[in-house]
Amino acid sequence: MRRIGFVSLVLLAAACAEPMGEPGTPSAWKEPPWLVVRVDTVEVTPLRPGTQVPWDDIEPQPTDGTACGMLGRVMATTDPITGKGAEALCAIDPRPRPANADARLPDLVVLLGVGSAAHYQTPTAHDTMQTTFNGEFVIPTNSIPAEGITLVVVDRDGTGAEVIGGVKLGRQELLAAQATRPVFSMRGGGVMRMDLAVMAYTNPMETAEAAVTAQAGGTLVSMRPIRAGEVVEISARGQYRIGTGRGAWIDPRGYFEKEPHDPNFDNEPFRSAPHGAGIAAVGGGDARMGAIVAPCARFVARTPGLVWVGLNDAEPRNNEGDATFTVKVAGPLPAEWSEGKTTTPCGTFP
């Protein structure tokens with residue numbers, strides 16, 4: 001089974017993508033500053049094209065069945081969430097491997113490629129040749145490069161990924177689709193069907209608040225799922241006491257000193273963060289990203305999904321007090337989207 005790096009991945013997928021064509025755009029139509037591309041149903045060949053060889057071996061790779069994980073250092077890889085705090089984080093959209101699934105079928109992930117880099121991805125759909133992702137990606141209209149964007153479907157196994165196929169979309173194609181046929185289907189390589197929807201990004205700023213009792217430890221934020229590529233800013237305030245025997249009341253910056261018995265969440269970035277600090281996770285399944293909210297964090301979401309906020313304490317039952325988290329979501333600046341990260345400090349949203 002051939003595994004490739006992600007710089008090559010996007011370029012290879014572009015070579016096997018089939019163009020959509022260029023429908024006309026109404027003359028009175030106004031170009032939106034951002035577009036939302038939603039990937040709906042994806043169907044791939046059960047075998048590698050032109051062969052009788054399945055995508056996967058009958059024996060799964062070590063992390064293929066990960067139902068709950070943090071995004072690794074490169075796209076499509078996963079660090080399983082284990083140990084202290086796993087129960088709280090894994091309650092968010094776990095997406096376990098389906099029962100009685102055929103392990104020879106691929107573990108599907110959709111990557112959005114920008115130029116030669118893949119910054120954004122869906123969670124994994126395990127052991128299937130067809131799934132509906134409902135994963136949404138935000139794209140600044142004027143930042144789409146000349147070569148367009150590429151939506152690549154890969155088979156994720158362990159720490160590697162294999163390209164199944166992909167489709168390529170240019171700026172004018174996306175704008176024309178949004179104006180004239182916002183729902184359509186494409187194919188390319190081993191991807192027999194990729195249903196897409198293109199729409200204008202109509203909510204430049206959204207805000208939600210979530211109250212967290214220190215004894216509960218964390219909660220889901222009542223807002224729509226985040227879209228990959230959006231800028232998320234989360235701030236926290238409050239006073240609470242973590243039941244470690246210290247007795248000191250703290251705020252979301254957490255304790256400044258570390259003690260060996262601090263029951264932090266086991267996975268990074270939480271493990272090495274201050275004990276009791278505000279934390280957040282965005283995503284679902286095996287594709288989540290974490291942030292330290294001490295007392296504010298601002299980042300570009302690399303994956304679509306729900307927002308969970310809480311305190312960096314994996315044993316919260318004997319805590320006191322509470323905290324309030326404010327979540328603000330907006331479209332990315334061109335540089336933020338193209339790099340998949342932001343250098344703008346917290347507090348710049350109105």
Side-chain angles (χ1 to χ4, degrees), residues 20 22-23 25-40 110-115 117-123 132-151 167-186 194-208 221-234 282-284 287 289 297-307 326-344 346 348-350:
M20 187 183 77
E22 298 188 4
T25 303
S27 58
W29 177 80
K30 185 178 181 181
E31 177 179 306
W34 294 278
L35 294 171
V36 176
V37 176
R38 188 180 71 235
V39 180
D40 288 329
V110 178
L111 305 177
L112 188 147
V114 184
H119 293 309
Y120 308 108
Q121 72 173 76
T122 66
T132 300
F133 284 101
N134 286 325
E136 294 188 340
F137 300 85
V138 170
I139 303 170
T141 306
N142 288 329
S143 297
I144 299 171
E147 63 271 26
I149 63 166
T150 307
L151 291 168
V167 300
K168 195 172 185 63
L169 291 162
R171 178 175 178 275
Q172 288 305 120
E173 292 172 325
L174 287 165
L175 288 170
Q178 189 263 322
T180 63
R181 51 168 177 160
V183 179
F184 56 95
S185 186
M186 298 183 72
M194 181 185 288
D195 293 344
L196 301 172
V198 181
M199 63 208 83
Y201 185 79
T202 56
N203 300 101
M205 165 70 78
E206 295 181 66
T207 302
V221 179
S222 296
M223 68 184 307
R224 59 149 175 94
I226 300 300
R227 299 172 174 120
E230 285 187 303
V231 175
V232 181
E233 184 174 289
I234 306 176
V282 174
M289 57 183 299
R298 181 184 171 100
F299 54 91
V300 178
R302 294 167 56 199
T303 185
L306 303 173
V307 181
T326 301
V327 181
K328 297 182 179 181
V329 183
L333 297 173
E336 292 173 324
W337 178 75
S338 61
E339 295 295 326
K341 61 183 179 181
T342 179
T343 58
T344 305
C346 274
T348 55
F349 284 160

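No experiment lies behind these values; they were computed from the predicted model shown.
Between the side chain of T150 and the backbone N or O of K168, no donor-acceptor pair lies under 3.5 Å. Between the side chain of T303 and the backbone N or O of Q121 there is at least one donor-acceptor pair closer than 3.5 Å. Counting only distance, with no hydrogens or angles, the side chain of T141 and the backbone of P32 share a donor-acceptor pair below 3.5 Å. Proximity of a side-chain donor or acceptor of H119 to a complementary backbone N or O of W337 within less than 3.5 Å is not detected.
Two residues are said to be in side-chain contact when any heavy atoms from C-beta on lie closer than 4.5 Å; V138 and P332 meet this criterion. T207 places none of its side-chain heavy atoms less than 4.5 Å from the side chain of F349. Using a 4.5 Å cut-off on side-chain heavy atoms (C-beta onward), I234 and V221 make no contact. R227 is not listed as a side-chain neighbour of V329, based on a closest heavy-atom distance of 4.5 Å or more. A heavy-atom distance below 4.5 Å is not found between the side chains of L112 and V37.
One distance of note links OG1 of T344 with CG of L333; it measures 5.5 Å at 0.5 Å rounding. If you take CD1 on I149 and CZ on R171, they are separated by 12.5 Å, rounding to the nearest 0.5 Å. Within the model, atoms CZ of F299 and CD of E233 stand 10.0 Å from one another, a figure rounded to the nearest 0.5 Å. The distance from atom OG1 of T122 to atom CZ of F133, rounded to the nearest 0.5 Å, is 4.0 Å. Annotation: the span from I226 atom CD1 to R302 atom CZ amounts to 15.5 Å, rounded to 0.5 Å. Separation of atoms CE (M186) and CG (L169) is listed at 5.0 Å; rounding is to 0.5 Å.
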Trace of the side-chain contact (heavy atoms from CB on, under 4.5 Å) decision for D195 with V183: CA-CA 7 Å; D195 293 344; V183 179; over 6 Å; no
Residues R298, E336; criterion salt bridge (Lys or Arg N to Asp or Glu O under 4.0 Å); working and verdict: CA-CA 11 Å; R298 181 184 171 100; E336 292 173 324; 3.5 Å; yes
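The two residues A208 and S222 come nearest to each other via the heavy atoms CB-O, 4.1 Å. Taking every heavy atom of both residues into account, A177 and V198 meet most closely at CB-CG2, 4.3 Å. Here the closest non-hydrogen pair linking F137 and V39 is CE1-CG2, 3.9 Å. The shortest heavy-atom contact between P225 and L306 is CG-CD2, 4.0 Å.
Applying the side chain to side chain contact (heavy atoms under 4.5 Å, CB included) rule to A335 yields no partners; only residues at least two apart in sequence or on another chain are considered.
Annotation for K341: atom NZ does not count as buried by contact number, only 12 or fewer foreign heavy atoms lying within 6.0 Å.
Looking at T132 and D40, their side chains never bring a donor and an acceptor atom within 3.5 Å of each other.
Classified by interplanar angle (parallel below 30°, tilted 30° to 60°, perpendicular above 60°), the ring pair Y201/W34 is perpendicular.
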